[in-house]
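Protein chains get the first letters and strands the later ones, always in sequence-line order, with residue 1 at the start of each.
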2 protein chains.
Amino acid sequence: MPDTPDTHTATGLYFELFNEIGILGQLSRALFEARLPEGLVLPHFTVINHLIRVQDGRTPLQLARAFQVPKTSMTHTLAGLEKRGFVTMRVNPDDARSKQVWLTDAGRRFRDTAIAGIAPDLAGIADTLDPAEVRAVIDKLATLRKRMDAARD
Amino acid sequence: MPDTPDTHTATGLYFELFNEIGILGQLSRALFEARLPEGLVLPHFTVINHLIRVQDGRTPLQLARAFQVPKTSMTHTLAGLEKRGFVTMRVNPDDARSKQVWLTDAGRRFRDTAIAGIAPDLAGIADTLDPAEVRAVIDKLATLRKRMDAARD
DNA sequence: ATTACTTAGTCCGATATCGAACCATAAATC
DNA sequence: GATTTATGGTTCGATATCGGACTAAGTAAT
């Protein structure tokens, strides 16, 4: 039995996959945060970016689910964004328990400059895999993500 | 311009990839931590697991690099493991600045029971992608990881 | 309409995470 | 071999993260 672990069993494979995912998550986090202004952290950017991709006006809970973080964490992240004037929160007219998160102009500008700052780094590694491969990996990961999401009950 | 973002540019693809990785990292973290004993968190398990896969006796810095976390974070994680008696740390005989991390029997038992506890969850999703696909994804991610690791100077 | 029950969000206390500064030892330069 | 310079780890202070308990508002059941 060599130093290779149980990479032959199905679960062993997933262990390895999640390990790789964890390390890459760590690397990308460091990469992004190095370019973000002092005091801002990856989730801040990610949330803003999401609000642009998918319309803003999302509720905090929707955002928490989108990123699979506890809602308390999202409260905290949104508080940081609001303090910096990147988003404003208004009560949801359809449901008084709920709120809606709206981007401000400053928030949009922040996103643009952040992307401009990070793009060069990404460009530097963008030739590692060819686009079709990246596309394929994304799709497979998305399939797995949806499955796990559903299995979470 | 539909709701699709710049998924056509190379950097846009990587944005999407890292986003997917972040969410999956979050999901797997939650999955694992739900099965770990109170007070233990994913990095605790991951470090122990790593020490088994690759021999123990690693130095804290080697571990920090393996997972791409700051060394201060690793200090903290190792302190937690030591407090629980899962590892012991001795000075590196070859370099007095350095230490070596050794697994205890309790540490090995912890790993075994943790794996036993988590395996069923993994088994439940292990049919999402067929093993060959998982293998391929791991390899592509590993390629990217190595590249980013190297680019980190 | 009153009484469960559920859902959205926050507050709180306990870690976890991380950058900056620091100490000790090692390696490199002169 | 004394003086830089680099390396391995810890300490410290500031946030981030998260589970548990709570409040307020909606929904369902009667």
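For the atom pair CG (A/N49) and CZ (B/F15), the distance works out to 6.0 Å, reported to the nearest 0.5 Å. Taken from CG in B/L122 to CZ in B/R35, the straight-line distance is 10.0 Å, to the nearest 0.5 Å. Distance check, rounded to the nearest 0.5 Å: CD of A/E20 to CG of B/L24 gives 13.0 Å.
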When the side chains of residues 60-74 of chain A are checked against the rest of the protein, which donor-acceptor pairs come out under 3.5 Å, sequence neighbours left out?
residue, atom, partner, partner atom, Å
A/Q62, OE1, A/T59, N, 2.9
A/Q68, NE2, A/R65, O, 3.3
A/Q68, NE2, A/D149, OD1, 2.8

Can you give me every donor-acceptor pair (side chain of residues 37-48 of chain A, partner residue at least two apart or in another chain, under 3.5 Å) with its distance?
residue, atom, partner, partner atom, Å
A/H44, ND1, A/V41, N, 2.9
A/T46, OG1, A/L42, O, 2.7

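Overall bending of the helix from C/dA1-D/dT30 to C/dC30-D/dG1, expressed as the angle between end axes built from five pairs apiece, is 30° (10° steps).
Not counting sequence neighbours, the partners of A/T88 by the side chain to side chain contact (heavy atoms under 4.5 Å, CB included) test are A/R90, A/W102, A/T104. When the side chain to side chain contact (heavy atoms under 4.5 Å, CB included) test is applied to B/P131, the partners found at least two apart in sequence or on another chain are A/L13. Taking A/Q55 as the reference, A/R58 meet the side chain to side chain contact (heavy atoms under 4.5 Å, CB included) condition, with sequence neighbours excluded.
A/A114 approaches A/L36 most closely through the heavy-atom pair CB-CD2, 3.9 Å. Nearest approach of A/R111 to A/I52, heavy atoms of both residues: CD-CD1, 3.6 Å. Smallest separation of non-hydrogen atoms from B/G85 and B/A106: O-CB, 3.7 Å. Taking every heavy atom of both residues into account, A/D56 and A/R108 meet most closely at OD2-NH2, 3.5 Å. Closest of all the heavy-atom pairs between A/P93 and A/Q100 is CD-OE1, 3.6 Å.
Of the residues in residues 55-75 of chain B, those lying under 4.0 Å from DNA chain C by heavy-atom distance are B/P70, B/T72, B/S73. Residues from residues 95-102 of chain A lying near DNA chain C, meaning a heavy-atom separation below 4.0 Å, are A/R97, A/S98, A/K99 in numerical order. The stretch residues 28-42 of chain A comes close to DNA chain D through A/R29, A/G39, each having a heavy atom under 4.0 Å from the strand. Contacts between residues 76-92 of chain B and DNA chain D, defined by a heavy-atom separation below 4.0 Å, involve no residue at all.
For the pair A/D139 and A/R135, the salt-bridge criterion is met [side-chain N within less than 4.0 Å of a carboxylate O].
Within the structure, ring pair (Phe, Tyr, Trp, His ring centres under 6.0 Å) pairs that include any residue of residues 108-137 of chain A comprise A/F86-A/F110 (at least two apart or interchain).
From the 5' end on, the contacts that DNA chain D makes with chain A at under 4.0 Å to a non-hydrogen atom open and close at D/dA16 to D/dG26.
Put simply, the residue from B/I138, B/I125, B/I118 that forms a side-chain contact (heavy atoms from CB on, under 4.5 Å) with A/Y14 is B/I125.
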side-chain contact (heavy atoms from CB on, under 4.5 Å) between A/M89 and A/V101, worked out:
CA-CA 5 Å; A/M89 322 232 325; A/V101 186; 4.1 Å; yes

